[in-house]
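The block underneath contains the structure these notes are about, expressed in structure tokens.
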Amino acid sequence: MSNERIALVDVNNFYVSCERVFDPRLEGRPVVVLSNNDGCVVARSSEAKDLGIKTGTPWFQIQSQAAGWGLVARSSNYELYGDMSARVMEVVGRYGTWQDVYSIDESFLGLVGDPAQLQAAGRDIRAAVMRHVGVPVCVGVATTKTLAKFANRIAKQNPALGGVCALEAMPPEHVAAIQGRVPASGLWGVGGRTASRLKMMGIESIADLKAADPALIRKKFSVVLQRTVMELNGTECIPHAEERADKQQIMFSRSFSTPVTTVAEMEQVMTVYAQRGAAKLNEEGLRTSSMTVTAGTSRFAGGEGSFPAATIRFVTPTQDPIVLVRAAVAAMRQSAIPGASYLRAGVMFHGLEPLSAPATLDVFGTGEPGPDVGTVLGDVRSKFGSMAIGIGIGGFAVAPAWSMKRELASPRYTTEWKELPILRA
DNA sequence: TCTGGGGTCCTAGGACCC
DNA sequence: TCTGGGGTCCTAGGACCC
């Protein structure tokens, strides 16, 4: 058996940790980061967790108690987090035989060595990320991705381990005892629905699931859960990211700060959202053969609500923002109900293909390639800023009433010259 | 008054083909 | 009472993840 193992490295409370790098006054205090429109809590410091604040808690429900708790809230600052993520991934990647970036704050890593060497590597990674980027990480090491996730969780929950847990360095009976105690729902890939169905079969703990018959699990659930069972028993079943397919869909979707009720406003929204989606296509070097536009009223209001959705297929796949904007506006004009109080909308692209792919036969002769508008817009924006140019209402100088609210935002410390942190010595 | 945004993978079922 | 078999492709929806 090879002694290559899999590490899962992730940043503790990533968004909060990013905020703390640039505002050390937040150290030791309860801190939360809010979703777009300052809607609900998406990240919490350990102190905020101790206050009993849950992920997803609406900000308006706890806002009035914040001062009494000494709780600090920040709007989410994805430019900052994205840039910090790239720095963390670069440092972590130096230590692996391979690296599979799984999310904004996690990556899997190939590590070679005996249990003691793996633990030492984990400690080196922690120290390097702290020194070079300034955020704390935890490291779990095991034989499969599912077990590495489990080990990482042990590292997080036991401060005595110093943020590193190599599963094979622990006594097996100790590991078994933990697996007997922790519910299966604590595993990667086992959500609430699956957990409650498992429970009805008498499978409650991780140990129960590990001992379950993989064939039976596949029959009653799916190949996904079967893989979890096999990974718990040390058989690798989850392929690395580079072996997985290319991106399948791209979406741009946002809720509004104030409801949209008129057709004219909804057309504005589609104009802007389709352009934002088109810009993503351009960044990825893709074109789309199918676009879905959606909108929705509040899920929390009573009554039926209105959730229009329309899909447009393009005979000739396109990345042209003018084509996409026109189609999105026309589709939504037919689907949205005038007077309904819409709180969100989105644009999704499917059937993606690289721009380098051979063009589909253009039967109707409409797709004569002119200057690539998307590329021109992208170039102008990267030089002069994201609001520098746009199509139609997308080129407004003043944000419309429905646009996003971020009242508690921190500066984009690392990606905007005008917002660099200032150091006084 | 105020409740996120973006993805992945799998499965079932229908359309269509020979 | 009988009314193929086998295959592909596509889509919608479910479940999960961070």
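Within every chain, numbering begins at 1; the chains are lettered A, B, ... in the order of the sequence lines, protein sequences first and strands thereafter. The analysis underlying the following values was restricted to heavy atoms, covering all of them including side chains, and did not include hydrogens, waters or symmetry mates.
Two residues, A/I250 and A/L343, neighbour DNA chain B, and the one matched to the more 5' nucleotide by heavy-atom proximity is A/L343.
A/D105 comes within 4.0 angstrom of sugar-phosphate atoms only, judged by non-hydrogen atoms across all strands, and of no base. Heavy atoms of A/F252 sit under 4.0 angstrom from primed sugar atoms or phosphate atoms, though from no base atom. Contacts of A/K280 with the nucleic acid, taken as non-hydrogen atoms under 4.0 Å apart, involve only primed sugar atoms and P, OP1 or OP2. Nucleic acid contact class of A/L187 (heavy atoms, under 4.0 Å, all strands): sugar-phosphate only.
For A/R193, no side-chain nitrogen or oxygen approaches OP1 or OP2 of C/dG14 to under 4.0 Å. Between A/S255 and B/dG5 there is a side-chain N or O to OP1 or OP2 distance below 4.0 Å. Contact annotation: A/R344 reaches the phosphate of B/dG5 (side-chain N/O to OP1 or OP2, under 4.0 Å). Here A/R313 reaches the OP1 or OP2 of C/dT11: one of its side-chain N or O atoms lies under 4.0 Å away.
Ring planes of A/F252 and A/Y273: perpendicular class, angle over 60° (limits at 30 and 60°).
When rounded to the nearest whole Å, the span between CD of A/Q249 and C1' of C/dA12 equals 13 Å. Between A/Q61 atom CD and B/dT3 atom P the separation is 10 Å, expressed in whole Å. Distance CE (A/M348) to C1' (B/dG6): 10 Å, rounded to an integer number of Å. Straight-line distance from the CD atom of A/E231 to the P atom of C/dC16: 17 Å, rounded to whole Å. B/dG7 atom P lies 12 Å from atom CD1 of A/I104, rounded to whole Å. Here the P atom of nucleotide B/dG5 and the CZ atom of A/F256 are 10 Å apart, to the nearest Å.
Distance CG/A/L232 to CZ/A/F150: 8.5 Å, rounded to 0.5 Å. Put simply, CZ on A/R153 and CG on A/L187 are 8.0 Å apart, with the number rounded to the nearest 0.5 Å. The CG atom of A/D208 sits 11.5 Å away from the NZ atom of A/K199 when rounded to the nearest 0.5 Å. How far OG1 of A/T271 is from CD1 of A/I391: 9.0 Å, rounded to the nearest 0.5 Å.
When distances run from any side-chain atom of A/S253 to the nucleotides B/dC10, C/dC17, B/dG5, the shortest one goes to B/dG5. Side-chain proximity of A/E106 to C/dC18, B/dT8, B/dG4: nearest is C/dC18. Closest contact between the side chain of A/N36 and the listed nucleotides C/dT11, B/dT11, B/dG5 involves B/dG5. Closest to the side chain of A/T194, out of B/dG5, C/dA15, B/dT3, is C/dA15. The A/Y102 side chain lies nearest to C/dC18 when the options are C/dC18, B/dG6, B/dG4. Among C/dC18, C/dA15, B/dG7, the nucleotide with an atom closest to any side-chain atom of A/K149 is C/dC18. Distance from the side chain of A/W188 is smallest to C/dC17 among B/dG5, C/dC17, B/dC10. Of the candidate nucleotides C/dA15, B/dC9, B/dG6, B/dC9 has the atom nearest to the side chain of A/R227. Closest to the side chain of A/F60, from the set B/dC2, B/dG4, B/dC9, is B/dC2. Among B/dG4, B/dG6, C/dC18, the nucleotide with an atom closest to any side-chain atom of A/R299 is B/dG4.
The shortest side-chain heavy-atom distance between A/V263 and A/E267 falls under the 4.5 Å cut-off.
If you check B/dC18 for Watson-Crick or wobble pairing at under 3.5 angstrom, you find it paired to C/dG5.
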> Stepwise, does the side-chain hydrogen bond (donor to acceptor under 3.5 Å, both in side chains) test hold for A/E231 with A/W188?
Replying inline: CA-CA 11 Å; A/E231 288 234 329; A/W188 185 44; over 6 Å; no
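Stacking here means ring centres nearer than 5.5 Å and ring planes tilted less than 30 degrees, and by that measure A/F300 stacks onto B/dT3.
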